[in-house]
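Step one of this worksheet: look at the structure below.
Indexing begins at 1, ligand by ligand and atom by atom, following the structure's order. As the structure is a prediction and not an experimental result, all values here were calculated from the model. Note: hydrogens, waters and symmetry copies are ignored here, and every other heavy atom, side chains too, is used.
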Amino acid sequence: MKSVVILISGRGSNMRSIIEAGLPVRIAAVISNRPDAAGLVYAREQGIATAVVDHKQYAGREAFDLALAAEIDRHAPDLVVLAGFMRILTPGFVEHYSGRMINIHPSLLPAFTGLHTHQRALDAGCRVAGVTVHFVSGELDGGPIIAQAAVPVLPGDTESSLAARVLEQEHRLYPQVVRWFIEGRLSLRDGRAELSAEATPVTSVLCVPSADA
Ligand code: GRF
């Protein structure tokens with residue numbers, strides 16, 4: 001059975017959605033850069049191995065990334081899943097996991113890379129917002145796009161109401177993408193995400209606003 005390592009920094013709701021999806025995969029470990037990440041508690045409760053590689057204990061990004069890679073590679077995962085992992089990664093680290101590390105970002109990339117995506121979408125007057133899952137490249141939130149889900153921005157939306165609507169789609173999209181990867185339907189080829197013909201394109205499904213929106 002293929003295995004994944006999930007990296008988190010906080011709440012870990014995306015990690016949880018992947019674990020709860022019951023995918024035919026071994027969750028080899030959940031690793032956090034923050035000892036107090038709430039998601040670690042849930043992972044431990046599920047009997048999943050957890051580890052903390054605290055970035056504050058390292059002199060710089062290179063040293064931290066080396067320690068993190070060593071911790072990940074102990075498990076020899078097929079896929080590394082960044083799920084709310086809030087660290088900028090060094091080029092060497094990204095290269096090491098090229099084609100086997102994915103990230104979820106709460107905007108319709110390439111719009112709104114970085115932080116505060118929902119507030120920025122509101123400030124810009126966007127009528128749609130959403131989420132992107134992408135392969136990780138050297139460019140922050142700039143790697144090849146795998147799948148996206150869009151939601152409407154509704155009158156009266158606040159940062160938190162929009163975040164909640166997007167998060168609901170995150171929890172649908174991320175397990176689906178992990179499934180494609182472990183089933184061998186998804187790969188990185190010539191700098192683009194390639195999805196096999198039998199994988200259902202997610203965008204056409206998830207662009208439809210949910211009934212209660
Ligand atoms: C999510 O919105 C994710 O897209 C972003 O950070 C948030 C993490 O949430 N990268 P959680 O820790 O998965 O609950």
Tell me, which protein residue and heavy-atom name are nearest atom 4 (O) of ligand 1, and how many Å apart are they? Glu170 OE1, 2.7 Å

What about Leu195 and Phe135, same hydrophobic cluster or not, with Ile/Leu/Val/Met/Phe/Trp/Tyr joined at side-chain heavy-atom distances under 4.5 Å? yes

Can you tell me which residue and heavy atom of the protein come closest to atom 9 (O) of ligand 1, and the distance to 0.1 Å? Arg11 NH2, 3.1 Å

Atom 11 (P) of ligand 1: closest protein heavy atom, distance to 0.1 Å, is Ser13 N, 3.4 Å

In this structure, atom 12 (O) of ligand 1 is nearest to the protein heavy atom Gly12 N, 2.8 Å

Check Ile102 against Val136 and note the closest heavy-atom contact, atom names and distance. C-CG2, 3.8 Å

Is the closest side-chain heavy-atom distance between Tyr58 and Val53 below 4.5 Å? yes

Minimum-distance protein heavy atom relative to atom 5 (C) of ligand 1: Pro106 CD, 3.8 Å

Measuring only between side-chain heavy atoms, which start at C-beta, is Leu23 closer than 4.5 Å to Val4? no

Quick one: does Val25's side chain get under 4.5 Å of Leu79's, heavy atoms only? no

Do me a favour and list the nearest non-hydrogen protein atom to atom 6 (O) of ligand 1 with residue, atom name and distance? Gly84 CA, 3.8 Å

Quick one: nearest non-hydrogen protein atom to atom 10 (N) of ligand 1, plus distance? Ile104 O, 3.1 Å

Nitrogen or oxygen atoms of Asn14 and ligand 1 under 3.5 Å apart: yes

Phe64 and His55 aromatic ring geometry - parallel, tilted or perpendicular at 30°/60° bounds: perpendicular

